[in-house]
Amino acid sequence: MECTSCPEDFWSNLQRDDCVPKRTEFLSYHEPLGICLATASLLGTCICTFVLGIFICHRSTPMVRANNAELSFLLLLSLKLCFLCSLLFIGRPQLWTCQVRHAAFGISFVLCVSCILVKTMVVLAVFKASKPGGGATLKWFGAAQQRGTILVLTSIQAAICTAWLVSSSPAPHKNMNYYNDKIVYECVVGSTVGFAVLLGYIGLLAFLSFLMAFLARNLPDNFNEAKFITFSMLIFCAVWVAFVPAYVNSPGKYADAVEVFAILASSFGLLMALFGPKCFIILLRPERNTKKAIMGCSATKT
């Protein structure tokens, strides 16, 4: 009997007398895991839209104005982009999705963390300006300076992504090493260094935000935005520290699922920690949404 090897994309049947196509595997919208992740992504997007609507409708109230309305709007927009970019990791990998997914993820998260970092700096500046002789501090943290800082920090990530895509772009790949009878479609990152620099830059900004918020956590209650930022960045850092070993040890579509889960978990953590308490006061405790109530917390303690 003469044996002939099957083509690369085929596998012999049980009787060993015919070649049948290998099964394909990728994180699909038609399987329970993909459906759950896509649903969570759309749910997070809807919650961001709902919270943004609340803040716009109550933009003239002390709670929204005291927490820097413009930065809050930009932060909600960036969180919305974070939720939406996770959808690029679901579905059969194609050249454009492989190239866009990590760039969109990296830029969206840097925009988000940059907003948080600037909010923390503003909290410290406002507190310092409230002390005698500290009024000059605020001139370095005006609206133009805040926008410029966010633009510069985000542009650095955009430059990193551009250099990565130009030098060694991610691309779709048919991996046949995991299983003999199955083809795993995945995106290879191209340059591991580029991917590491992208994640490292996000981690650096997150660490700076956490450090500054942690140092400011004991400010008086009317400056307690730092407490929520500290908690949110603690969640963010914990999720992404756990992501690295889980991602490295996950084969095939489960690597994409782990990355999507990390994106969604960190985004939900930021959304709930930063905006949950504010929405609670705006919607359920309107009597606390007054300038007297906000500024009176520390006054009653002194």
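Within the 4.5 Å cutoff, the side chain of Leu208 has no heavy atoms near those of the Val113 side chain. Between Phe109 and Trp240 there is a side-chain heavy-atom pair separated by less than 4.5 Å. Inter-residue side-chain proximity for Leu270 and Met233 is flagged as met; some heavy-atom pair is nearer than 4.5 Å. Between Leu165 and Pro170 there is a side-chain heavy-atom pair separated by less than 4.5 Å. For the pair Tyr185 and Glu25, the minimum side-chain heavy-atom distance is 4.5 Å or more. Side-chain contact check for Met121 versus Met212: some heavy-atom pair is nearer than 4.5 Å. Taking 4.5 Å as the limit, every side-chain heavy atom of Cys187 sits out of range of all side-chain heavy atoms of Phe89. Counting only heavy atoms from C-beta outward, the side chains of Ile282 and Val64 approach each other to under 4.5 Å.
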Any chance you could lay out the side chain to side chain contact (heavy atoms under 4.5 Å, CB included) test for Ile235 and Phe268, step after step, and finish with the verdict? CA-CA 10 Å; Ile235 297 173; Phe268 273 115; over 6 Å; no
Take Lys80 and Thr49 through the test side chain to side chain donor-acceptor pair (under 3.5 Å) and record every step on the way to the result. CA-CA 8 Å; Lys80 197 172 181 179; Thr49 304; 3.0 Å; yes
Using the side chain to side chain contact (heavy atoms under 4.5 Å, CB included) rule, take Leu27 and Leu37 through it: C-alpha gap first, then chi angles, then the decisive distance, then the call. CA-CA 10 Å; Leu27 187 59; Leu37 293 174; 4.1 Å; yes
Going through the distances and angles, do Glu186 and Lys174 end up as a side chain to side chain contact (heavy atoms under 4.5 Å, CB included)? CA-CA 7 Å; Glu186 59 186 9; Lys174 293 191 296 185; over 6 Å; no
Residues Val184, Phe26; criterion side chain to side chain contact (heavy atoms under 4.5 Å, CB included); working and verdict: CA-CA 6 Å; Val184 177; Phe26 54 88; over 6 Å; no
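In this structure, Cys115 and Ile150 approach most closely via the heavy-atom pair SG-CD1, 3.9 Å. Residue Leu153 comes nearest to Val110 through the heavy atom pair O-CG1, 3.6 Å, listed as atom of the first residue, atom of the second, then distance. The two residues Ala273 and Pro277 make their nearest non-hydrogen contact at O-CD, 3.6 Å. The minimum heavy-atom distance between Ser169 and Gln99, with the atom names listed, is OG-NE2, 3.0 Å. Cys82 approaches Cys85 most closely through the heavy-atom pair O-SG, 3.1 Å.
Using bins of under 30°, 30° to 60° and over 60° for the plane-to-plane angle, the ring pair Phe243/Tyr247 lands in the tilted bin. Below 30°, between 30° and 60°, or above 60°: for His102 and Phe105 the angle between ring planes is above 60°, a perpendicular geometry.
To the nearest 0.5 Å, atom CD of residue Gln157 and atom CD1 of residue Ile160 are 5.0 Å apart. Rounded to the nearest 0.5 Å, atoms NZ (Lys182) and CE (Met176) are 14.0 Å apart. Between atom NE2 of residue His58 and atom CG of residue Leu283 there is a gap of 6.5 Å, rounded to the nearest 0.5 Å. Phe261 contributes atom CZ, which lies 9.5 Å from atom OG of Ser266 (distance to the nearest 0.5 angstrom). One distance of note links CZ of Phe231 with CG of Leu274; it measures 10.5 Å at 0.5 Å rounding. In this structure, Leu84 CG and Thr45 OG1 are separated by 4.0 Å, a value rounded to the nearest 0.5 Å.
Between the side chain of Ser78 and the backbone N or O of Leu75, at least one donor-acceptor pair lies under 3.5 Å. Under a 3.5 Å cut-off, the side chain of Ser108 and the backbone N or O of Ala104 do form a donor-acceptor pair. A donor-acceptor pair under 3.5 Å is formed between the side chain of Arg101 and the backbone N or O of Leu88. With hydrogens and angles ignored, the 3.5 Å screen pairs no side-chain donor or acceptor of Ser267 with any backbone N or O of Leu264. Side-chain atoms of Thr230 come within 3.5 Å of backbone atoms of Ala213 as a donor-acceptor pair (strictly under, hydrogens ignored).
Residues Leu199 and Val258 fall within the same hydrophobic cluster, defined by Ile, Leu, Val, Met, Phe, Trp and Tyr side chains chained together at heavy-atom separations under 4.5 Å. By the criterion of side-chain heavy atoms lying less than 4.5 angstrom apart, applied directly or through intervening Ile, Leu, Val, Met, Phe, Trp or Tyr residues, Phe73 is grouped together with Ile116 in one hydrophobic cluster. Cluster annotation: Val189 is connected to Val244 through the hydrophobic network of ILVMFWY side chains, with a link wherever side-chain heavy atoms come within less than 4.5 Å.
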